Amino acid sequence: MARKFFVGGNWKCNGTTEEVKKIVSTLNGGDVPSPDVVEVVVSPPFVFLPLVKTTLRPDFHVAAQNCWVKNGGAYTGEVSAEMLVNLDIPWVILGHSERRSLLKESNDFVGDKVAYALAKGLKVIACVGETLEQREAGSTMEVVAAQTKAIAERVTDWTNVVLAYEPVWAIGTGKVASPAQAQEVSSIFCFLIVWLCGWDRLMFFRLVHIELL
């Protein structure tokens, strides 16, 4: 089974209504291959999800930038997977480096969030990657293995998961991840999926290399 290409854009905490409308208009006019070839997903801030969902071309999809680890309740500021499903938002980004570092989301917590989102019918962009300090210390394999293992232990079907390798050390540092470095990490992930999940899961595995997600 051929795997589709995947292109995603995370708008982070940016934009106004007018700016979002302009971005969507530009995307709607873009010339891209058919959905059979490439899957395009954009992730605006939560407040703009309905606007983007209703105005974006139908062959492009929308992702939330995060969701909570369980159903709704007394979790001020959080958004549940059920809410996203209710809004017909098909994708969610989980485990982003900014949430791991700023909000101290652990590997196990991210793994639980991925499992819960999948169980509720969402597709997941699961982010993993090492910091500059970790790379320079030679800990890349150890770090990404622990992050991936926490997800793999909770996921049996990778059909609706895209693993997004985010070299945190290449963001805002002036350093650039070379094609050779990206390929090195891709090989690590393929090994990890085979080791953790078995050869039969590798055919469903999709990895994207991200520098500004």
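Everything numeric in this text was worked out from a predicted model, so none of it was measured. In what follows, residues are counted from 1 in the order of the sequence shown.
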Find out whether [X] and [Y] are in side-chain contact, i.e. whether some heavy atom of one side chain is under 4.5 Å from a heavy atom of the other.
X: R57; Y: V32; value: yes
X: W91; Y: V41; value: yes
X: V62; Y: D88; value: no

Can you see whether [X] engages [Y] through a side-chain donor-acceptor pair at a distance of less than 3.5 angstrom?
X: H61; Y: E39; answer: no
X: D157; Y: T159; answer: yes
X: Y116; Y: E82; answer: yes
X: K113; Y: N66; answer: yes

For the side chain of [X] and the backbone of [Y], is there at least one donor-acceptor N/O pair under 3.5 Å apart?
X: E142; Y: S139; answer: no
X: T131; Y: W169; answer: no
X: T148; Y: A145; answer: no

Identify the heavy atoms of [X] and [Y] that sit nearest to each other, and give their distance.
X: A63; Y: L49; answer: O-CD2, 3.6 Å
X: P44; Y: V52; answer: CG-CG2, 3.8 Å
X: S80; Y: C67; answer: C-CB, 4.2 Å
X: K120; Y: V85; answer: O-CG2, 3.3 Å
X: F60; Y: L56; answer: CB-CD2, 3.5 Å

Side-chain ion pair, [X] and [Y], N-O less than 4.0 Å:
X: D112; Y: R154; value: yes
X: K22; Y: E18; value: no
X: E105; Y: R99; value: yes

- [ ] Take V110 and R100 through the side chain to side chain contact (heavy atoms under 4.5 Å, CB included) test and state the conclusion after the steps.
- [x] CA-CA 8 Å; V110 172; R100 289 179 185 268; 3.6 Å; yes
Practice task
Begin from the C-alpha positions of L87 and F46 and carry the test side chain to side chain contact (heavy atoms under 4.5 Å, CB included) through to its verdict.
Solution key: CA-CA 11 Å; L87 288 177; F46 279 117; over 6 Å; no
Evaluation steps, side chain to side chain contact (heavy atoms under 4.5 Å, CB included), between V128 and E166:
CA-CA 6 Å; V128 296; E166 183 186 16; over 6 Å; no
Checklist entry - Where do F6 and V40 land on the side chain to side chain contact (heavy atoms under 4.5 Å, CB included) test, with the steps shown first? => result CA-CA 6 Å; F6 185 92; V40 179; over 6 Å; no
